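In what follows, chains are A, B, ... by sequence order, proteins preceding strands, each numbered from 1. These numbers come from a predicted model, not from an experiment.
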Amino acid sequence: MPELSKQYDPHAAQKKWFPFWEHRGYFNADPPKPGTTVVKPPHTIMIPLPNVTGALHMGHALNGTLQDLITRWRRMQGYEALWMPGTDHAGIATQAVVERRMIEEEGLTRHDVGREALVNRIWKWKETYEKRIVGQQKMLGASCDWRRIRFTLDPVCTKAVRHTFFKMFRDGLIYRGKRLVNWDTFLQTAVADDEVFEEEVDGHFWTFRYPVVDDAGHDTGEFIRFSTTRPETMLGDTAVCVHPHDERYAHLVGKKVRIPLNGRLIPIIADALLADQELGTGAVKVTPAHDPNDYACFQRHPHIGIINILNPDGTINEAAAQGDPFSRDPQGSPPLAAKYVGKDRYEVRELVIDDMAELGCFEAVEDRKIPIKHSDRSKTPVEPYLSDQWFVKMGPHTTPDGREIDLAQSAIDAVESGRVRFFPARYANTYLDWLREKRDWCISRQLWWGHRIPIWSKLVNGEDWPDELGCQLTDRQLARLIEFTSLNPAWRDRVGCAVSEGTTPGSRLLLVCVDDGHPEIETALEQAGFLQDPDVLDTWFSSALWPHATLGWPDLDHNPPLDLNVLADQDETDAHFEDPEADSGTPAPGWGNRVLPYFYPHETPADGNKSVLITSRDIITLWVARMVLTGLYNMGEVPFWHVHVHPKILDGFGQTMSKSKGNGVDPVDLIEKYGADAVRFTIASFAGETQDVRLPIAYACPSCDHLIPQTLEHQTAKPAVGDGVKKPTLICPKCRAEFQYTSPNYDPDPGVPVARMVSERFEYGRNFCNKFWNAARFAILNLEAGPGGAAYTPAPVAADQLALEDRWILSRLASVSRQVDEHLSRYQFDAATRALRDFTWNEFCDWYLEMIKPRLRGGSPETANDRLAATRQGSAAPGNNVAEVRAVAQRVLLAVLDSLVRMLQPFTPFLCEELWQRLKELAPVRALPANAFRDSSSDTSTPPSGRSSQDSAASVMLEPRSAEEACIIARWPEIPQSWRDPALEKRFERLQETIVAVRNVRAIYNLPPGTPVKLLMRASPEVAADVQSVAAQFDTLARAVLEAAGAEVERPAGAASFSLGDADGYIPLADLINTEAELERHTKEAEKLRKLIAGHEAKLANPNFVSKAPPQVVAQHRETLEAMRKQLASVEEIIRDLS
RNA sequence: GCGCCCGUAGCUCAGUUGGUUAGAGUGCAUGCUUGACAUGCAUGAGGUCGCUGGUUCGAGUCCAGCCGGGCGCACCA
């Protein structure tokens, strides 16, 4: 076979293996065919659907890596592992980005192009970015079942949205109500809370006064003073509020005041929540339609009324001047307010101040910094604005047919009962705290991109619908509706009806909801003069249904359709491309949809389905909570058992990453520089439970690839304006090249080299991949026939054929494989990564491979045999020739390597597939852990469980087995835990300590690596025998020849010494010895020991410690103390000798 | 204001239910290129675990307070 290159080439592997996996259908997950008796347990992960707004960033890369890791791990464990891909239409964000581009490039607003054309443009945008997103995910190695890709606006999801809305409407859970929204007067749309930013602006704090009037409406001469930062809202005041305990105003509560500007009389009310006695004058004006707190106050005191004074464009409307439905100034003074109508609110503010001053009602003004909410999109201040919205009721509710529903409570119960578990557990707080407020969910958005609200409405005469307000369907209303609209009575189960207050006095608004799939009813309604609601649904309404909608709900008769066009390279025809449902004939009614019941959670967690949601903490409320409650509402079961919340990625300064901040690293840049495996491995190593991840960013020099750390100045730098615009540049400190870099503030000049944002920390993964690649390369070179001997042949390996290092590495392998399983099952990716890295690098490479080199080279058969004989300790030696020794080493080496390749596959899949396929050529049949793999010929319905093997000296530990056709579907290793041998590991540790001590002496005396040294060891006979049994390794690992070992060994003159717990070592150096340096070294060592001994002695002298601490801890201290005393004695002896 | 989290080596982070001498990667220092790997090997230096107090025989770990940082939710006439 072609020799492996010295360095791992990630890009070649990525190019080769992703299409290979995809074409062979390894990513596909399907329910068992009808009639199948053996059923694999399902495992489902629903992707937190990325927005089609733009390309993926590091957060997605982290999120995707972890999901893929778990999916690949579960797949190898024998689960039918589905990772469901898809994207979100992300209403607000996507429409905003397309609108912004339209205005920048063509100067067009959405009103210029119209609803249909805008939506068409956004669809085009969606196609482009969905393709890009899928490309990025595939580049990372995402093993989603791409045939099942969904989009929240596609027909499958739309069905689910329509039907859920209909169900909720008929249950009375959806209602129409008023709500204060953040209104962008420039774009004339509502914006979400997370789309506004606060900015302190210089403002003023004015104090005015309203005249108090008597019952007849005449001024009493008394005034009430109040302060405001927004004087124009006086036009919409409907009350003045004081604290109920405020004695200054107690006599005024219940009286009225006159708004001098428009002559309206409004009451003085007492409300402890709104008014604060300490603040300002203690009295506060109430403008329910334009202030959230005032609105809340209005809800507590509905009699005060509510007046909207703004037009959608921010100008003052008629109602501000004259629309006074309540009471009117009997004095009939001419309202000044008429002249405000049609003027902008800020202009009116000034007029109001002037007029109030003229009327003698102005008291004072002071400067003040005021936090003002601004729209992210238009950068203009937003106004609180009262508008009609649709809501879902979150708290307790009785349906018209008498069922009790409490959506929020059901989701609370799911977590409190432990049915849904958070990892880490603390995130359950965020979820529960939010749900417990049971705030109704506003689901309407004034946008064009999204699911249009399936409500048709018509304004009717109130006399036709007296006293029937409300959003609950009654049979009587329905019958009336059918009669009224001449709808077909057969449609009565497909529509819901509600009546709401109309826009003009006495009128009623008839609201009709139509179930999914009935365009004929929609047409009939439109012919009857009904109009569809122009708004669309909150994006989260559709994504809340994601876990069951993607599996085909509410269609229980058909499996959800597959999209075979998304697969890479469709030219290649392959059996796996076929729709597995194509041959299943006419689906049975009822549960003809087999995908939904199989992959949607339907058993208790103990029963195998380990479906998990892996997401970031900022959507625990918006998304996770809503998926749980809609899952329970529609499916009667939670959508996942586990929720893993992973950390967020921050830049080196602790800021969240975003393109607009100039710190948004593109994962594709990282993959190009370091390779997908390295990026995945590094990301997995980040994903711990406690902290967010800081990722210091650097720019890669485009000419020499040197990394230049990013500073905050780089993030904010802007081109200098002057004669000719000079863009900021960097100068590479290494190659002196000057170049531009990616910035949020400007585009680099076309054609010039640009430094990309990367991060040095990914070298961690790259180096590891290269290390493992080379370990495999070493193994492969030694499995082939060569100067060391024959090529690898498969054969069983028994315990008594193993050398010390073989037993040791297998013992360690057993520990590590268990750790990896435990860490992954708790979503502790950092710990799993560390365990694998440490084992691979520090144990397998640094010690095991070094130790078996002599055996593989066939160069030192005697020592190898000696060691074998010694390790066996008395058992008869089988085949003691060079070839046999090499063959055993090859088999053990391959077995360990095989397990490692399997265990690393979920982390670094491309690398592992590459190695797997190469090993397959060389060794299609391998010695693998006996009993550790399920027999591949019989699938069992339960996942594999650990089995212990009989561990007698002659028992077969490794058995030849055929390797699977691909690493991605290879069995996950279950190493017998009986292989663990703590006593042997302890012996091995002494060997390691001794070798490090010898190397230390070599380093101190700067002995050339080629020069052998002599080593004498003084130890008890037992320890000495053990040391002698591994003598050859001293030579291999430290170029030290063990001259003698035993209790009688004496320290020769002119020797460097070291002292371990239970043995002392001497290395004769004759003239080389530096007595002073040796003395200093040992004196230091002695001092350290004395301190520790003193500490231990004090502890043991404390009667409380001896009596209260657990006996094993006390015994442990005694033992340690004893060992340290011995060691100190040795060191002191050496010091005496030296001086 | 309420809640959650974090503060450990120059930097980025581990540290299981409290229990021997607090670890890793990177950076730093020194020495190594004859066959797995310089994206490498070996050795070493580097930490009063944010501060104060408490519980305990024993605290990086538990409790309280403080300081510093992050996030979420409220509030801001």
Would you classify Pro1103(A) as touching base, sugar-phosphate or nothing, given that sugar-phosphate means primed atoms plus P, OP1 and OP2, and contacts are heavy atoms under 4.0 Å?
nothing

Integer angstrom distance from the C1' of rA45(B) to that of rG60(B):
23 Å

Is Arg426(A) touching bases, backbone alone, or none of the nucleic acid, heavy atoms closer than 4.0 Å?
sugar-phosphate

What distance separates Asn663(A) CG from Leu695(A) CG, expressed to the nearest 0.5 Å?
10.0 Å

Using a heavy-atom cut-off of under 4.0 Å over every strand shown, decide if Thr430(A) touches base, sugar-phosphate, or nothing.
nothing

Atom pair distance, as rounded to whole Å: CG in Asn770(A) and P in rU39(B)
8 Å

Given salt bridge (charged side-chain N to carboxylate O under 4.0 Å, His left out), test Arg230(A) with Glu383(A) step by step and report yes or no.
CA-CA 11 Å; Arg230(A) 293 189 298 159; Glu383(A) 292 292 330; 3.6 Å; yes

Atom pairs, protein N/O to nucleotides 13-17 of chain B N/O, distance under 3.5 Å:
residue : atom : partner   : partner atom : Å
rC13(B) : OP1  : Asp692(A) : O            : 3.4
rC13(B) : OP1  : Arg694(A) : N            : 2.8
rA14(B) : OP1  : Thr690(A) : OG1          : 2.6
rA14(B) : OP2  : Gln691(A) : NE2          : 3.0
rA14(B) : O2'  : Arg834(A) : NH1          : 3.4
rA14(B) : O2'  : Arg834(A) : NH2          : 2.3

How would you list all residue pairs meeting salt bridge (charged side-chain N to carboxylate O under 4.0 Å, His left out) that involve residues 772-781 of chain A, not counting sequence neighbours?
Glu3(A)-Arg777(A)

How many Å lie between CD on Gln655(A) and C1' on rG69(B), as a whole number?
13 Å

Between rU21(B) and rG15(B), how far is it from one C1' atom to the other, in whole Å?
16 Å

Flag for Thr233(A)-Lys285(A): side-chain donor and acceptor within less than 3.5 Å:
yes

Report the nucleotide, chosen from rC71(B), rC37(B), rU21(B), that has the shortest atom-to-atom distance to any side-chain atom of Arg617(A).
rC71(B)

Which whole number of Å gives the distance between the P atom of rU12(B) and that of rU55(B)?
36 Å

Does a donor on one side chain and an acceptor on the other come within less than 3.5 Å for Asp830(A) and Ser685(A)?
no

Interatomic distance where CG belongs to Leu273(A) and P belongs to rC75(B) [whole Å]
11 Å

Parallel, tilted or perpendicular, as decided by the 30° and 60° cut-offs, for the rings of Tyr827(A) and His644(A)
parallel

Between the side chains of Gln655(A) and Asp651(A), is a donor N or O closer than 3.5 angstrom to an acceptor N or O?
yes

Which part of the nucleic acid, if any, lies within contact of Tyr764(A), taking any heavy atom under 4.0 Å across all strands shown: a base, the sugar-phosphate backbone alone, or nothing?
sugar-phosphate

The contact string for nucleotides 43-51 of chain B, one letter per nucleotide 5' to 3', using protein heavy atoms under 4.0 Å with B, S and - for base, sugar-phosphate only and none, comes out as SS-------

I want to verify a distance call: between rC73(B), rU20(B), rG25(B), whose nearest atom is closest to the Glu437(A) side chain?
rC73(B)

Aromatic ring pairing Phe208(A)/Trp206(A), orientation class (parallel under 30°, perpendicular over 60°, tilted between)
parallel

At their closest point, which heavy atom of Leu274(A) faces which heavy atom of Arg300(A), and how far apart are they?
N-NH2, 4.0 Å

Using the C1' atoms only, state how far rC11(B) lies from rU16(B), rounded to an integer number of Å.
26 Å

Within the sub-3.5 Å range, which N or O atoms of nucleotides 32-36 of chain B have a protein N or O partner, and how far apart are they?
residue : atom : partner   : partner atom : Å
rA36(B) : O3'  : Arg777(A) : NH1          : 3.0
rA36(B) : O2'  : Asn774(A) : OD1          : 2.5
rA36(B) : O2'  : Arg777(A) : NH1          : 2.6
rA36(B) : N7   : Lys853(A) : NZ           : 3.4
rA36(B) : N6   : Glu850(A) : OE2          : 3.0
rA36(B) : N3   : Asn774(A) : O            : 3.0
rA36(B) : N3   : Ala775(A) : N            : 3.4

Could you tell me whether Trp841(A) contacts a base, only the sugar-phosphate backbone, or nothing, with contacts defined as non-hydrogen atoms closer than 4.0 Å?
sugar-phosphate

Answer with base, sugar-phosphate or nothing: what part of the nucleic acid does Phe205(A) contact at a heavy-atom distance below 4.0 Å?
sugar-phosphate

Toward the 5' end of RNA chain B, by each residue's nearest nucleotide, Gln1116(A) or Glu763(A):
Gln1116(A)

Under 4.0 Å: is that the gap between some side-chain N or O of Trp434(A) and OP1 or OP2 of rA74(B)?
no

Under 6.0 Å between ring centres: does that hold for His646(A) and Phe829(A)?
no

Which atom names give the shortest non-hydrogen contact between Arg761(A) and Thr682(A), and what distance separates them?
O-CG2, 3.5 Å

Please pick, from rG19(B), rC4(B), rC75(B), the nucleotide with the shortest atom-to-atom distance to any side-chain atom of Asn293(A).
rC75(B)

Rounded to whole angstroms, how far apart are CD on Glu1087(A) and P on rU21(B)?
18 Å

Set of residues satisfying salt bridge (charged side-chain N to carboxylate O under 4.0 Å, His left out) with respect to Arg834(A), sequence neighbours excluded
none

Non-hydrogen atoms of Ala684(A) and Phe907(A) that approach each other most closely:
CB-CD2, 4.2 Å

Specify the separation, in whole Å, of atom CZ of Arg766(A) and atom P of rG25(B).
16 Å

Could you measure between the two P atoms, the one in rC62(B) and the one in rG1(B), and give it in whole Å?
25 Å

Tell me, which stems hold RNA chain B, with a stem being 3 or more Watson-Crick or G-U pairs in a row and both distances under 3.5 Å?
B:1-7 with B:67-73, B:10-13 with B:23-26, B:28-32 with B:40-44, B:50-54 with B:62-66

Determine: side-chain N/O of Arg1002(A) to OP1/OP2 of rU30(B), distance under 4.0 Å, yes or no.
no

If you take all heavy atoms of Ala408(A) and Lys438(A), which pair is closest and at what distance?
CB-CG, 3.7 Å

Send over the distance from Gln828(A) CD to rA24(B) P, rounded to a whole Å.
20 Å

Check every strand shown and say whether Arg230(A) touches a base, only sugar-phosphate, or nothing at a heavy-atom separation below 4.0 Å.
nothing

Does CD belonging to Glu1080(A) count more than 12 external heavy atoms closer than 6.0 Å?
no

NZ of Lys1099(A) versus C1' of rU56(B): gap in Å, rounded?
12 Å

Could you check whether the rings of Phe762(A) and Phe686(A) sit parallel, tilted or perpendicular, using 30° and 60° as the cut-offs?
perpendicular

Below 4.5 Å, heavy atoms only, C-beta onward: do Ile620(A) and Phe422(A) meet side chain to side chain?
yes

Select one nucleotide: of rU39(B), rC5(B), rU20(B), the one nearest the side-chain heavy atoms of Gln7(A).
rU39(B)

Rounded to whole angstrom, note down the C1' distance from rC28(B) over to rG70(B).
30 Å

Ranking Gly652(A) and Lys1108(A) by the position along RNA chain B of their nearest nucleotide, the one closer to 5' is Gly652(A)

In this structure, how many angstroms lie between the C1' atom of rU20(B) and the CZ atom of Arg1125(A), rounded?
15 Å

